[in-house]
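Each chain gets a letter, A, B and so on, in the order its sequence line appears, and its residues count up from 1.
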Protein chains: 2
Amino acid sequence: MTPVCRAAARLCLLHGWAPVAEAPLPDGRRADLWVLTPAGEFLVIESKSGLRDFQTDRKWPEYRAWCDRLYFAVDLDFPPEALPTDVGLIVADGPEAALVREAPHHPLAPARRKSLLARYALLAGRRLALAQDPEAALALMGALRVE
Amino acid sequence: MTPVCRAAARLCLLHGWAPVAEAPLPDGRRADLWVLTPAGEFLVIESKSGLRDFQTDRKWPEYRAWCDRLYFAVDLDFPPEALPTDVGLIVADGPEAALVREAPHHPLAPARRKSLLARYALLAGRRLALAQDPEAALALMGALRVE
């Protein structure tokens with residue numbers, strides 16, 4: 001996890017949200033942070049290491065399909081005016097991060113939310129169990145290719 | 001986590017299930033393992049360290065309210081004939097465990113399943129994020145009393 005991602009994840013935890021890093025989405029892409037809130041909303045937080053990283057990525061709007069709100073996370077050196085204003089903005093300062101601009105709300109359809117919740121829950125539960133039993137993780141990774 | 005729980009958790013991972021240890025349930029009790037399967041079923045696995053542990057626990061049937069199937073997990077020294085037959089049985093042998101008796105199916109009501117899935121997902125996601133950032137965990141535990 002990059003420092004910007006880690007700081008954004010801490011911000012999530014402070015809000016009571018549950019951030020899963022490098023989450024595989026149904027379209028095969030990975031979200032830097034895929035976040036579930038106690039209200040049942042899904043957020044995607046896409047970290048950008050610098051202007052070039054943002055300018056060469058034309059696919060970030062596709063994350064909207066898997067969340068209710070989309071955010072970029074950048075550090076203090078990133079020029080925020082380069083980012084579109086219809087995306088939320090999180091700015092990291094070392095290990096801390098601040099929610100600088102709220103993201104527009106584009107609610108998921110109920111059937112998709114339901115299937116995403118099942119996917120998120122299995123992913124988080126399996127990764128947690130593997131994190132707590134590294135020996136099992138080693139033994140299983142080869143056999144099962146757990147995400 | 002006890003060795004029996006750990007072995008049962010590995011068995012879950014081998015089945016592709018997602019076991020969360022010491023999971024706080026809506027009634028205030030904790031499940032030794034609260035497990036989500038890819039089919040969307042919830043299991044509770046209650047570990048018993050010995051006959052006395054089982055005989056002094058009169059509340060284990062209450063776990064049925066939070067799962068579709070209930071199992072006991074014991075080690076090889078436990079006399080299996082002492083356990084009720086309408087509960088599943090997992091027997092641990094060192095770090096491995098075997099599913100010795102399937103559990104009866106008593107499906108959760110849809111509304112409860114839905115609320116349990118949201119609860120499970122948040123719990124697993126938060127714990128995973130905290131496990132991956134122990135510094136954040138230390139800082140947050142005091143402030144938030146994260147489960």
Novice: State, to 0.1 Å, how close A:L36 and B:L122 come at their nearest heavy-atom pair, and which atoms those are.
Specialist: O-CD2, 3.6 Å
Novice: Quick check: is B:L123 connected to B:L25 through a chain of hydrophobic side chains (ILVMFWY, heavy atoms under 4.5 Å apart)?
Specialist: yes
Novice: Name, in order of residue number, those residues of residues 100-114 of chain A that have a heavy atom at a distance of less than 4.5 Å from a heavy atom in chain B; otherwise write 'none'.
Specialist: none
Novice: Applying the 4.5 Å side-chain criterion to the ILVMFWY set and letting contacts propagate, would B:V87 and B:V91 be lumped into a single cluster?
Specialist: yes
Novice: Tell me if the CD atom of B:E135 is crowded by more than 12 foreign heavy atoms within 6.0 Å.
Specialist: no
Novice: Is it possible for you to say whether A:L14 and A:I45 belong to one hydrophobic cluster, with membership spreading through side-chain heavy-atom contacts below 4.5 Å?
Specialist: no
Novice: For residues A:L117 and B:A121, report the shortest heavy-atom separation together with the two atoms involved.
Specialist: CD1-CB, 3.7 Å
Novice: Between A:R126 and B:A18, which heavy-atom pair has the shortest distance, and what is it?
Specialist: N-CB, 3.5 Å
Novice: Could you tell me the separation between the CZ atom of B:R127 and the CD atom of A:Q132, rounded to the nearest 0.5 Å?
Specialist: 7.0 Å
Novice: Would B:Y71 and B:V74 show up in the same hydrophobic cluster when neighbours are defined by side-chain heavy atoms closer than 4.5 Å?
Specialist: no
Novice: Can you give me the closest heavy-atom contact between A:A129 and B:P19, atom names plus distance?
Specialist: CB-O, 3.6 Å
Novice: Using non-hydrogen atoms and a 4.5 Å limit, figure out which bit of A:W34 sits close to chain B: side chain, backbone, both or neither.
Specialist: neither
Novice: Measure B:P38 against the heavy atoms of chain A and call it side chain, backbone, both or neither at under 4.5 Å.
Specialist: both
Novice: Please tell me whether A:L128 and A:L116 are part of a single hydrophobic cluster in this structure, the criterion being side-chain heavy atoms less than 4.5 Å apart.
Specialist: yes
